[in-house]
Amino acid sequence: MKTRVTELLGIEKPIIQGGMAWVATHELASAVSNAGGLGIIGAGGASASWVREQIQAAKKETDRPFGVNLMLMNPEADDIAKVIAEENVKVVTTGAGNPAKYMQMWKEKGIRVIPVVASVALAKLMERGGADAVVAEGTESGGHIGSQTTMTLVPQVVDAVEIPVIAAGGIADGRGFAAAMMLGAEAVQMGTRFVVAKESIVHENYKQKVIKAKDIDSEVTGMSTGHPIRVIRNKMTREYLKKEKEGVSLDELETMTLGALRRAVVEGDVTYGSVMAGQSAGLVKKEETCAEIICEIMADAQKLLGR
Ligand code: TUI
């Protein structure tokens, strides 16, 4: 299936893997790219040297394009932005902020820049700043989220910008893919479905938590701190939300979440760790390879779209 996004990125299938902190390592990214999508290494809160090692490892595992996601709240964001430019990564996506200050450096290197946005205003700003495409991410997504749903955000962003739009948030199968195309998107980005991919290095407990999750099992922590994060409900979220309601200090809330994602992903602590996942967790039923996931979605979507 050809779209402006497959042409722009030099990929076969318009499926992009979300740049999930701790989860989106070179193993997952190269598997997605080798399956014809766009794999992404998630810099998350990691150091610039870790990101460089991950890029170099991915280059050995695939000769297809892959990208890096720069989480803009990372204290080392400036250094990571330079590593991305130095290593000649083909594509960069950004999250949790405005990447304007890095845009020129990346564009000069010929890197495709795709900011993740949660509003029409930021999408327009990014287009004016030279973005090649945007990911319009709805509140159904896991992790750090905005407030608009995918169903309403995607067509509004499509109407507001000329550059291609990639839909994200709540998409986990061929039906979601086809629906996104109907909204005017030219590719989708998926995170949660790839969390349970065979090539994903996340702890088995985390994968099982996603697989077992039902429609209503995610919750949003941090509404009051300005950092809303969608996670699967557990003891940590219950305590967090109780404290948040009681109005405890931001410091205390931040301490509860600090390192919590690593605890869940790496150590498998799904009771007190932060199990970030989107509302689509209810659609994710089993562990499969990235190639199986991508082939199934494309086949189902093509039937639905009548091609
Ligand atoms: O970035 C994401 N999702 C993420 S980042 C992340 S790591 C993290 N861990 C702990 C605390 C905070 C983050 C986990 N999940 N998605 C892309 C995204 N970007 N969603 C929403 C936004 C966004 C929000 C506000 C983009 C820009 C923005 O404001 C723009 C401005 O002008 O500052």
Side-chain angles (χ1 to χ4, degrees), residues 18-24 40 42-47 51 69-78 80-81 93-102 115-123 125-126 134-150 153 168-170 189 191-192 195 202 206 209-210 213 217-266 269-270 272-281:
M20 303 163 284
W22 288 104
V23 175
I40 304 250
S47 67
V51 175
N69 174 268
L70 174 57
M71 205 278 281
L72 293 157
M73 293 190 312
N74 184 315
E76 290 193 30
D78 288 356
I80 297 168
T93 64
T94 64
N98 179 344
K101 67 173 171 171
Y102 308 122
V116 179
V117 302
S119 70
V120 168
L122 191 61
L125 194 65
M126 294 298 96
V134 287
V135 176
E137 190 187 270
T139 194
E140 296 93 324
S141 303
H144 183 74
I145 48 171
S147 57
Q148 304 304 300
T149 62
T150 302
L153 179 68
Q189 178 183 279
T192 304
V195 167
V202 315
Y206 198 122
K209 193 89 179 156
V210 173
D217 286 345
S218 79
E219 223 148 25
V220 181
T221 61
M223 281 291 197
S224 65
T225 66
H227 296 149
I229 306 268
R230 185 179 299 284
V231 290
I232 294 180
R233 186 183 300 109
N234 59 9
K235 276 203 170 121
M236 186 276 289
T237 65
R238 285 198 183 91
E239 278 176 28
Y240 186 105
L241 291 169
K242 189 161 159 268
K243 290 203 172 170
E244 206 174 1
K245 225 172 173 179
E246 287 165 6
V248 306
S249 72
L250 288 187
D251 273 0
E252 196 175 331
L253 290 174
E254 293 283 309
T255 314
M256 281 184 78
T257 49
L258 224 58
L261 177 61
R262 196 197 67 84
R263 266 205 310 281
V265 173
V266 180
D269 178 0
V270 295
Y272 291 102
S274 175
V275 186
M276 293 187 193
Q279 291 184 331
S280 70

With sequence neighbours left out, write down each residue that passes side chain to side chain donor-acceptor pair (under 3.5 Å) with [X], or none if nothing qualifies.
| X | answer |
| --- | --- |
| Ser147 | none |
| Glu244 | Ser224 |
| Ser218 | Arg230 |
| Ser280 | none |

Separation of [Y] [atom2] from [X] [atom1] (nearest 0.5 Å):
| X | Y | atom1 | atom2 | answer |
| --- | --- | --- | --- | --- |
| Thr150 | Glu137 | OG1 | CD | 8.0 Å |
| Thr237 | Glu219 | OG1 | CD | 4.5 Å |
| Thr225 | Glu254 | OG1 | CD | 5.5 Å |
| Met223 | Ile229 | CE | CD1 | 11.0 Å |
| Glu239 | Met256 | CD | CE | 5.0 Å |
| Ser274 | Trp22 | OG | CH2 | 12.5 Å |

[X]: salt bridge (Lys or Arg N to Asp or Glu O under 4.0 Å) partners, not counting sequence neighbours:
| X | value |
| --- | --- |
| Lys101 | Asp78 |
| Asp217 | Lys214, Arg233 |
| Arg238 | none |
| Lys242 | Glu246 |

With sequence neighbours excluded, tell me which residues meet side-chain contact (heavy atoms from CB on, under 4.5 Å) with [X].
| X | answer |
| --- | --- |
| Ala81 | Leu70, Tyr102, Met105, Trp106 |
| Leu125 | Asn98, Leu122, Arg128 |
| Leu153 | Ala136, Gln148, Val157 |
| Ala46 | Trp50 |

What closest approach, in Å, do [X] and [Y] show between heavy atoms, and which atom pair accounts for it?
| X | Y | answer |
| --- | --- | --- |
| Thr221 | Leu241 | CA-CD2, 4.2 Å |
| Gly44 | Asn74 | O-ND2, 2.8 Å |
| Ala96 | His144 | CB-CD2, 3.6 Å |

Report task. Would you confirm whether Thr257, through its side chain, and Ala260, through its main-chain N or O, come within 3.5 Å as a donor-acceptor pair? Result ->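 Not a single qualifying donor-acceptor pair exists.
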Query raised in the report: Would a distance-only check, ignoring hydrogens and angles, find a side-chain to backbone donor-acceptor pair under 3.5 Å from Asp269 to Arg263?
Result: no
Report task. For side chain to side chain contact (heavy atoms under 4.5 Å, CB included), just list the numbers for Leu261 and Tyr206, CA-CA rounded to whole Å, side-chain angles, deciding distance to a tenth of an Å, and then say yes or no. Result -> CA-CA 10 Å; Leu261 177 61; Tyr206 198 122; 4.0 Å; yes
Query - Step-by-step side chain to side chain contact (heavy atoms under 4.5 Å, CB included) determination, Tyr272 to Asn234 - result: CA-CA 7 Å; Tyr272 291 102; Asn234 59 9; over 6 Å; no
Report task. In sequence, state the C-alpha distance, the side-chain angles, and the governing distance for Lys243 and Glu252, and then conclude on side chain to side chain contact (heavy atoms under 4.5 Å, CB included). Result -> CA-CA 9 Å; Lys243 290 203 172 170; Glu252 196 175 331; 3.1 Å; yes
Report task. Would you please test Thr94 and Met126 for side chain to side chain contact (heavy atoms under 4.5 Å, CB included) and show each step? Result -> CA-CA 11 Å; Thr94 64; Met126 294 298 96; 5.8 Å; no
